[in-house]
Amino acid sequence: MTTNLINSTSRRRFIIDTSLAGGGLMIGLSTMPLSAFAQKSTTAYNPNTIMNSGDPEVNAWVNIKPDETVVVRIARSEMGQGTRTGLAQMVAEELECNWKNILTESPTPGQSVARKRAWGEMSTGGSRGIRISEDYVRRGAAAARIMLMQAAANELNVPVNELTVNKGVITHAKSGKKTTYGKVAEAASKLSPPDPKSITLKDPKTWKVAGQPYARLDTADKVNGKKVYGADLQLPGMLCAAVKSCPVFGGKIVSYDEAKVKNLRGVKGVVKVNDATVAVVADTWWRAKTALDALPIVWDEGNGANTSQTDIEKMLRAGLDETGNFWQRKEGDAPAAIQNSAKKLEAVYFTPYQSHANMEPMNATVRIGADRAEAWVPTQNGEASHATLAAATGLPLDKCEIYKLDPGTGLGRRGGTQEYVTQAAQIAKQFPGVPIKMLWSREEDMTHDFYHPIAMAKMTAGLDGSGNITGMHIKVSGQSINATVNPMAIKDNKDVRQMQGFYAEPGDAQLGYQFPSLLTEYVMKNSHVPVGPWRGVNTNQNGIFMECFMNECAVAAGKDPLAFRQNVMQNFPKHLGVLNAAAKKANWGSPLPAGVHRGIAQFMGYASYSACVAELSVTGNLVKIRRLVFALNSGHVVNPYLVREQIEGSVVMALGAIFNPEITVENGRIKQTNFDSYPLLKLASTPKVESVLVPSNDFWGGVGEPTICVVGPAVINAISTALGRPMRNFPLYREKLNLA
């Protein structure tokens, strides 16, 4: 996307495009110094978030200083998943520099626009941080290496093909001459870059830096307190804002009495942010919040106030009985095959709304001058934040800048949904030249989320006399994420995205079973409650629906759950590979201690294949998970240590989602307001986690989200085995079960 195209398209279209775009991005090899685009400012902010060194750069991805420090520019956001370290490893691999000399910094969206989007897409979500970036990032690093080697050849007056490099030291073996990257970097920056398409990248089998379990680059600052998050940010002259939106989605402000709070200590003003939101600005955030809590507000709660949890669940259940053009996969005549089978099975599953519950509530700091707007934002998508700031202020993109701060978790909440940036900008417009830090309270954050979508599924299958599946009918009734964040993606009232994991096509979220006949349907049923991406998104509920029902089918057929799956997976070797690897590591089939039971599950998402075996016991209403064994094939593995960390993180989220209380609606309002009513998983409940990485080294898959979808069904299947009855309603407190 060129600068002209960005300027000519609508800001709304740009937000959508930059939030959801895939690959096909420009490789930035401009030799123009970054100092030309760095914004001068006397304000304090995280020094790791904007490039302003002024040193000559080799290209857009690499800046090497005379002291041999290698600064790698990372366009993706880091929110605990390790993307910054993984991408730096890939750059270091192709660059052939010394890993110990690596530092990282983040280009800003404004700088990227000014350089014709040299760093490509800045969105970080969908487990795409590495798999979508890897090619052009590696090519940028390889181009830098070629330029540095040519500069060294010119300096040493030798043919470039006679030079070798190791850890940034360039050697001419015939003469014994040596130089370093730091010594030739300035000369290299003046050379014309090679055509990125002409570069042959290293075979992953030869990797020396990539593929290694290096420690994360961002850990130290988090431990020693140097890391500056958005909630921590302090700028000279800064004021703070607390916001409150109508407690019912779709409602509006009728009136508020500013006179009641305007004279309270520290209060600088009350701002109507939009039709549904009001803010108080004060010299400290606590004073702003205290005044906001005291502000009399009259709400028109709208039609949503008539809706409660039972209404939404009735709507979903009714969707399961609707007939119409809902199909998305149709292979053979599954309903007829099921009807004519020796045995027919049917099960209805339910999965609830879930909150992101990010540790750092939504926030943004904005300063708006006469002809320039700046924002400090913990964001998963710098370009979307940039476009949102421009739209809110009416200023062109080249007059706006976003300084990306590392989010205190994101989990999909800080990506395509950027209303918090809009709110901060609307408030800041009332205080020209003054930085305004808008920070949501925990209650505001939990009751105004874009929640994981609620869903029900009716699963129906037929078995023949030998216990083999004759047909499978999957019918999902639930809310659509695209209906909230990207309505243009919905065609003929069908949202393919919601059937993630049931696809026929290989590559992203393919169903790993071959049935004689198959019908998949999605009935879209939306409430007034907004939904959005939540780590793992739709593979989470679809994995539960599919894998728990497969277990029920195996039980009905009188067959071992592993063997039952293997029988219909022969055409899916990668799915089968991870299933077998997890089963082998867990010693599936071997005797277990009395009272201990196993469950198994496999599923695909984000172009990766995953499987899990759970071992647990159930005593009364308490479930004690003793062991979880995972197998993951993500194609290539850039850092096995970080991959295992991501698997362990998925365990915490998944177990919390299937055991802990859900998000529910009462009189249109979200009932859960803080961690007392929406508790997170405790460390004491976290089980032993073992991981087997089985990379096939022939594709690039995601890591952060794929395994979350197999945790729940593996655990649920083990519980069902222990209790001798299926589990179909989640969270499991609906089944009178708790995690020990």
Side-chain angles (χ1 to χ4, degrees), residues 329-347 349 457 459-474 501-506 509-520 539 542-590 592 597-605 609-614 629-633 692 694 696 709-710 712-714 716-718 720-721 726:
R329 283 185 71 179
K330 188 184 292 184
E331 299 165 8
D333 190 343
I338 294 168
Q339 189 63 36
N340 295 324
S341 297
K343 183 180 289 187
K344 177 183 176 181
L345 285 80
E346 182 177 291
Y349 297 90
M459 307 290 291
T460 316
L463 299 177
D464 64 18
S466 300
N468 300 311
I469 291 178
T470 60
M472 178 70 67
H473 184 185
I474 303 166
F502 295 140
Y503 301 159
E505 302 78 16
Q510 183 184 36
L511 179 63
Y513 299 120
Q514 182 74 51
F515 302 119
S517 58
L518 172 67
L519 176 62
T520 68
T539 60
N542 292 342
I544 286 175
F545 301 154
M546 188 74 248
E547 289 303 292
C548 289
F549 190 60
M550 284 295 286
N551 226 62
E552 291 197 41
C553 290
V555 171
K559 296 185 178 182
D560 173 76
L562 172 62
F564 186 78
R565 288 172 169 81
Q566 290 169 330
N567 186 50
V568 288
M569 295 178 69
Q570 298 307 311
N571 293 330
F572 302 93
K574 287 187 169 66
H575 290 81
L576 183 58
V578 294
L579 181 72
N580 289 339
K584 181 179 179 180
K585 177 68 174 178
N587 298 312
W588 184 273
S590 64
L592 287 166
H597 302 271
R598 289 193 183 104
I600 195 166
Q602 71 81 30
F603 213 59
M604 182 187 185
Y609 307 81
S610 59
C612 178
V613 174
V629 178
F630 291 87
L632 175 69
N633 181 0
V692 181
V694 287
S696 52
C709 64
V710 293
I716 294 161
N717 291 339
S720 297
T721 300

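No donor-acceptor pair under 3.5 Å is formed between the side chain of T539 and the backbone N or O of M604. With hydrogens and angles ignored, the 3.5 Å screen pairs no side-chain donor or acceptor of N587 with any backbone N or O of S590. The main-chain N or O of S696 is found under 3.5 Å from a side-chain atom of N633 such that the two form a donor-acceptor pair. Put simply, the side chain of N717 gets close to the backbone of P713: a donor and an acceptor are under 3.5 Å apart. For the pair Q602 (side chain) and V710 (backbone), a donor-acceptor distance under 3.5 Å is absent. The main-chain N or O of V568 is never found under 3.5 Å from a side-chain atom of Q514 such that the two would form a donor-acceptor pair. Panel note: side chain K343, backbone A556; a donor-acceptor pair is recorded below 3.5 Å.
Considering every non-hydrogen atom in both A557 and G467, the closest pair reads CB-O, 3.3 Å. The heavy-atom pair separating A583 from L562 by the smallest distance is CB-CD2, 3.7 Å. Listed here is the closest heavy atom pair of G462 and S341: CA-OG, 3.5 Å. Residue F549 comes nearest to A461 through the heavy atom pair CE2-CB, 3.5 Å, listed as atom of the first residue, atom of the second, then distance. Of all non-hydrogen atoms in L579 and I600, the two that sit nearest each other are CD1-CD1, 3.6 Å. Residues T721 and H597 approach most closely at CG2-ND1, 3.9 Å, considering heavy atoms.
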L511 vs L518, side-chain contact (heavy atoms from CB on, under 4.5 Å): CA-CA, chis, key distance, verdict: CA-CA 11 Å; L511 179 63; L518 172 67; 4.1 Å; yes

From CA spacing to verdict: side-chain contact (heavy atoms from CB on, under 4.5 Å), I469, F564: CA-CA 10 Å; I469 291 178; F564 186 78; 3.7 Å; yes

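A 6.0 Å sphere centred on NZ of K585 holds no more than 12 heavy atoms belonging to other residues, nucleotides or ligands. Other residues, nucleotides and ligands place no more than 12 heavy atoms under 6.0 Å from the CD atom of Q339.
From H473, atom NE2 reaches atom CG of L345 across 15.0 Å, with rounding to the nearest 0.5 Å. N340 contributes atom CG, which lies 12.5 Å from atom CG of D464 (distance to the nearest 0.5 angstrom). Expressed to the nearest 0.5 Å, how far CZ of R598 lies from CG of D560 amounts to 10.0 Å. We find the CD-CD1 distance between E346 and I338 to be 9.5 Å, quoted to the nearest 0.5 Å.
Within the 4.5 Å cutoff, the side chain of V694 has no heavy atoms near those of the Y609 side chain. At least one side-chain heavy atom of M546 sits under 4.5 Å from a side-chain heavy atom of M459. Between P561 and N551 the shortest side-chain heavy-atom distance falls below 4.5 Å. At a threshold of 4.5 Å between non-hydrogen side-chain atoms, the residues L519 and R329 do not count as touching. The shortest side-chain heavy-atom distance between E547 and I716 does not fall under the 4.5 Å cut-off. Between F603 and F502, the closest side-chain pair of non-hydrogen atoms falls below 4.5 Å. For the pair K559 and N468, the minimum side-chain heavy-atom distance is below 4.5 Å.
Between F572 and H575, the angle of the ring planes goes over 60°, which puts this pair in the perpendicular group of the 30/60° scheme. Between Y349 and F545, the ring-plane angle classifies as tilted under the 30° and 60° cut-offs.
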